[in-house]
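Some notes on the structure that comes next.
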Amino acid sequence: MSEQNQANFEAKIEADISIEPKDWMPDAYRQNLIRQIGQHAHSEVVGMLPEANWLTRAPTLRRKAILLAKIQDEAGHGLYLYSAAETLGCSRQDIYQKLLDEKMKYSSIFNYPTLSWADIGVIGWLVDGAAIVNQVALCRASYGPYARAMVKICKEESFHQRQGYEAVMALAEGTDEQKAMLQDAINRFWWPVLTMFGPNDSDSPHSAQSMAWKIKRFSNDELRQKFVDNTVPQVEALGMTIPDPDLVWDEELGHYRFGEIDWEEFYQVIKGNGICNHERLSAKRKGWEDGAWVREGAMAHSRKQKSVKTAA
Ligand code: FAQ
């Protein structure tokens with residue numbers, strides 16, 4: 001039976017037929033998805049914090065309304081992804097607790113501070129921009145609920161990316177101080193954004209299996225290269241520069257070649273030693289504790305609804 005199950009599963013993967021929650025799947029496939037989707041969900045909700053830092057200081061009411069809506073969208077992405085993870089049999093509370101206990105990761109990028117208003121435009125443009133490059137590929141992930149969640153998320157992320165670019169365009173066309181503020185934000189975010197795609201393929205323990213299972217359709221390095229190729233012309237169009245002296249267009253390759261990423265910094269950040277790791281997790285722990293009464297109220301309401309239904 002188990003051999004037959006394995007063979008059916010492999011045949012579906014081979015034929016690009018999505019795996020659905022009630023289908024048989026190898027436990028390692030299930031656990032790998034819980035890991036990736038869970039970390040992805042955590043990234044969405046931790047990612048709300050750096051942007052929230054500027055909500056009360058947005059330069060105009062219009063910018064504030066846009067930022068508020070964007071942050072709300074990220075919460076929604078977290079919800080879709082926690083729901084997708086739950087279809088694999090894990091509990092949302094359990095994986096969220098693992099985030100709070102530092103047993104599950106979230107994207108390294110959100111451990112960098114947002115020091116100026118330009119950082120908010122740069123997050124929309126570059127961070128959401130990198131997220132889309134990665135996530136468009138995930139719309140074809142072999143696990144149905146993950147792939148379907150990604151379709152809606154990608155639509156919203158691409159709107160976020162455009163609003164980010166519109167915000168940085170305003171700075172690029174502004175005063176010398178605004179231009180300098182934008183350049184400084186690009187200088188600080190460029191390298192950390194490149195690490196969003198994960199370690200180089202040769203150092204990525206999960207990639208080979210995830211690609212064989214068609215969870216990942218492209219490798220970390222392939223997606224990183226795609227992002228660089230897409231983004232360099234956008235930086236140039238703004239009249240800004242990229243903080244990489246080794247960046248060069250390679251006519252033969254048809255790609256930009258870029259300098260060495262500081263992987264030591266990346267591993268320090270994902271180990272918990274980044275600039276804002278402590279602050280981000282403290283904020284999430286406080287949110288969890290402060291929100292206890294809401295959860296209790298919601299559970300009491302749902303218990304009451306059930307008992308009314310049973311009585312009727
Ligand atoms: N940060 O073997 P691999 C967003 C970990 S959403 C932290 O290559 P994999 C939207 C990795 O988990 C951004 N950890 O792993 C937004 C693994 O650790 P583990 C999030 C990282 O899974 C915008 C270990 O290193 N997007 O930004 C990172 O095959 C604005 C070995 O790595 C997603 O999560 C990292 N950068 O490939 C929200 C997309 N990179 O589990 C708010 C879905 C690697 O063994 C505001 N995820 N690690 O302890 C993926 O596509 C993949 O999980 C990768 C990593 C590509 C991130």
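Note that ligands are numbered from 1 as they come in the structure, with each ligand's atoms numbered from 1 the same way. Predicted model only: the values in this text are computed from it and were never measured.
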- Item | Exercise: do Q6 and E10 side chains pair donor with acceptor under 3.5 Å | yes
- salt bridge (Lys or Arg N to Asp or Glu O under 4.0 Å) partner of E51, the single match among K64, R63, K70: K70
- Item | Set of side chain to side chain contact (heavy atoms under 4.5 Å, CB included) partners for W288, sequence neighbours left out | Q93, Y96, Q97, L100, R295
- Could you list the residues that satisfy salt bridge (Lys or Arg N to Asp or Glu O under 4.0 Å) with R57, not counting sequence neighbours? none
- Should V136 and L223 be counted in the same cluster of Ile, Leu, Val, Met, Phe, Trp and Tyr side chains packed under 4.5 Å apart? no
- Item | Residue pairs involving residues 255-276 (criterion salt bridge (Lys or Arg N to Asp or Glu O under 4.0 Å); sequence neighbours excluded) | D250-R257
For ligand 1, list every N/O pair with the protein closer than 3.5 Å, one pair per line with the distance.
unit_1, atom_1, unit_2, atom_2, d
ligand 1, 1 (N), S108, N, 2.8
ligand 1, 1 (N), S108, OG, 3.3
ligand 1, 2 (O), S204, OG, 3.0
ligand 1, 2 (O), P205, N, 3.2
ligand 1, 2 (O), H206, N, 2.9
ligand 1, 8 (O), S204, OG, 2.8
ligand 1, 8 (O), N220, ND2, 2.9
ligand 1, 12 (O), Q39, OE1, 2.6
ligand 1, 18 (O), K105, NZ, 3.2
ligand 1, 22 (O), R35, NH1, 3.1
ligand 1, 22 (O), R35, NH2, 2.9
ligand 1, 29 (O), K216, NZ, 2.6
ligand 1, 36 (N), S108, OG, 3.1
ligand 1, 36 (N), T195, O, 3.1
ligand 1, 37 (O), K216, NZ, 2.9
ligand 1, 41 (O), R35, NH1, 2.9
ligand 1, 41 (O), Q39, NE2, 3.0
ligand 1, 45 (O), H206, NE2, 2.7
ligand 1, 49 (O), K105, NZ, 2.3
ligand 1, 51 (O), N134, OD1, 3.4
ligand 1, 51 (O), N134, ND2, 3.0

